[in-house]
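Structure record follows, encoded as structure tokens.
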Amino acid sequence: MNYKYCGKSGLQLPRISLGLWHNFGSVDNFDTATAMILHAWENGVTHFDLANNYGPVPGSAESNFGKIFKTHLEAHRDEMIVSSKAGHDMWPGPYGDGSSRKNLIASCNQSLKRTGLEYFDIFYSHRYDGVTPVEETMQALIDIVRQGKALYVGISKYPAHLQQKCYDILKEAHVPCLISQYPYNMFNRAIEKETIATAAENGSGVICFSPLAQGLLTDKYLKGIPEDSRAAKATGFLQREEVTPVRVEAARQLKAIAERRGQTLPQMALAWILRDERITSVIVGASSVKQLDMNLHATDKLDFSPEELAEIEKILENPEISMCRF
């Protein structure tokens, strides 16, 4: 595994991190989850990305990670980066959602209990809720660090017009924003407009989630929508109507380029993100050890020729491909 310094800090992250958003909750196979986490660790993935609401049920991904950590990885705590977040709906009532100081600090305390950790390496504000003053949210992150509950802080999915304000508040308090987390993939390039540049200018690393567009940048939907896929489920994050003929055809064309490069489509899609030196890491999900292992090999070939990039750009320039939801 290759590693990269995160923004203007002394902390290195693996170019590929493991996210526990899907397939690590109480409804999932615990043995499979254990095998995936251990395989990631054994192959140099030192960063595991959580959030308080990951499951289902909410909180169960953190609880399962805590059990796996306690049994298999506790001796390696100082070699690991564990991150978590708070800000999305977690428990009933007025305090279990949003960006308030009340929610963030309570959530951090609960997440530490579920994981059994003494501290998080990174703790994020998972989103801007549109109501809470940014000053309040950033002060909560500052205090979480000063209380010893996290070593670093980050922001996730914050709108571009508030990004600089977050960085300024944190910098003034001498708790700089280590990292900024956003969705980014070949079909969602919104952060290219200004978000990546603003982060780089302020010394913040950038880590990307949904790098495979919830499976659209894989082979999964090239021959229709499988019954066991996310798009086939009424409650799935990827909706059936988002698997459009235009996007499927784009994936087919991209796959042909990947095959010429000696890669799978997912491997090329991950490498394409990491081509930008301002990107610190990408967060991959996994449903099996085999799938995870295949994607980890994306770092075997990160270089692109000018001709390859031009060919990819021609495919992606179709506005009907863009999907900025993730």
Side-chain angles (χ1 to χ4, degrees), residues 1-19 36 39-49 81 83 178-193 195-197 199-200 203-220 250-286 289-317 321 326:
M1 178 58 64
N2 300 322
Y3 301 85
K4 185 175 179 60
Y5 283 103
C6 189
K8 293 180 180 178
S9 80
L11 184 71
Q12 296 183 67
L13 293 182
R15 300 310 307 275
I16 296 179
S17 301
L18 180 62
M36 290 189 291
H39 185 79
W41 171 253
E42 290 161 0
N43 285 272
V45 176
T46 54
H47 178 210
F48 299 90
D49 184 72
I81 302 296
S83 60
L178 173 81
I179 194 163
S180 304
Q181 185 173 135
Y182 288 89
Y184 183 44
N185 56 64
M186 287 176 160
F187 291 172
N188 178 3
R189 305 175 67 179
I191 67 170
E192 290 182 351
K193 295 177 181 177
T195 300
I196 298 176
S204 175
V206 176
I207 189 166
C208 305
F209 68 91
S210 289
L212 303 180
Q214 295 295 304
L216 282 172
L217 289 167
T218 70
D219 295 346
K220 183 174 292 184
R252 286 198 186 98
Q253 294 177 26
L254 291 168
K255 181 183 178 182
I257 299 173
E259 289 175 344
R260 294 202 303 270
R261 286 170 49 82
Q263 290 182 310
T264 66
L265 173 54
Q267 287 171 345
M268 186 181 77
L270 296 171
W272 180 86
I273 294 173
L274 293 172
R275 81 197 188 286
D276 189 328
E277 283 299 311
R278 298 170 298 179
I279 304 296
T280 309
S281 182
V282 294
I283 300 172
V284 300
V289 168
K290 181 179 179 181
Q291 180 194 51
L292 173 61
D293 187 67
M294 186 70 69
N295 289 343
L296 293 181
H297 283 286
T299 60
D300 293 348
K301 187 171 184 179
L302 297 177
D303 59 306
F304 287 82
S305 70
E307 292 76 18
E308 287 172 336
L309 289 175
E311 190 175 359
I312 291 169
E313 192 65 33
K314 186 174 182 180
I315 296 169
L316 300 182
E317 67 185 8
I321 289 174
F326 51 76

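The closest side-chain heavy-atom distance from Leu178 to Ser9 is below 4.5 Å. Considering only heavy atoms from C-beta on, Asp276 stays 4.5 Å or farther from Glu192 through its side chain. In this structure, Leu316 and Leu254 have side chains that are in contact, with non-hydrogen atoms separated by less than 4.5 Å. Side-chain contact between Leu274 and Asn2 is absent, with no heavy-atom pair separated by less than 4.5 Å. With contacts defined as side-chain heavy-atom distances shorter than 4.5 Å, the pair Ile207/Asp49 does not qualify. At a threshold of 4.5 Å between non-hydrogen side-chain atoms, the residues Met268 and Ile312 count as touching. In this structure, Ile279 and Cys208 have side chains that are in contact, with non-hydrogen atoms separated by less than 4.5 Å. Contact of the Thr46 side chain with the Tyr3 side chain is registered, since non-hydrogen atoms from C-beta on lie closer than 4.5 Å.
The CE atom of Met1 lies 7.5 Å from the CG atom of Asn43; values are rounded to the nearest 0.5 Å. We find the CG-OG distance between Leu18 and Ser281 to be 10.5 Å, quoted to the nearest 0.5 Å. Considering CD of Gln267 and CD1 of Ile16, their distance stands at 8.5 Å, rounded to 0.5 Å. Between the CG atom in Leu212 and the CD atom in Gln291 there is a gap of 8.0 Å [rounded to 0.5 Å]. For the atom pair OH of Tyr182 and OG1 of Thr195, the computed distance is 5.0 Å after rounding to the nearest 0.5 Å. Annotation: the span from Leu270 atom CG to Lys301 atom NZ amounts to 15.0 Å, rounded to 0.5 Å.
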Stepwise side chain to side chain contact (heavy atoms under 4.5 Å, CB included) check, Ile81 with Leu11: CA-CA 10 Å; Ile81 302 296; Leu11 184 71; 3.6 Å; yes
Take Arg15 and Leu302 through the side chain to side chain contact (heavy atoms under 4.5 Å, CB included) test and state the conclusion after the steps. CA-CA 11 Å; Arg15 300 310 307 275; Leu302 297 177; 4.3 Å; yes
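With Leu292 as reference, Leu296 is the one residue of Val289, Asn295, Leu296 to meet the side chain to side chain contact (heavy atoms under 4.5 Å, CB included) rule.
The nearest pair of heavy atoms linking Phe48 to Ala40 is CE2-CB, 4.2 Å. Taking each heavy atom of Ala251 and Leu265 in turn, the nearest pair found is O-CD2, 3.6 Å. Across all non-hydrogen atoms, the minimal contact from Gln263 to Ala298 is NE2-O, 3.8 Å. Shortest non-hydrogen contact noted between Ala258 and Thr264 is CB-O, 3.6 Å. Of all heavy-atom pairs between Gly10 and Tyr5, the closest is O-CE2, 3.5 Å. Nearest heavy atom pair, residue Ser180 against residue Ala199, reads OG-CB, 4.4 Å.
Checked for salt-bridge contact, Arg260 and Glu311 meet the test: a charged N lies under 4.0 Å from a carboxylate O.
Asn185 contributes a side-chain N or O that, together with a main-chain N or O of Ser210, makes up a donor-acceptor pair within less than 3.5 Å. Side-chain atoms of Arg275 do not come within 3.5 Å of backbone N or O of Asp303 as any donor-acceptor pair.
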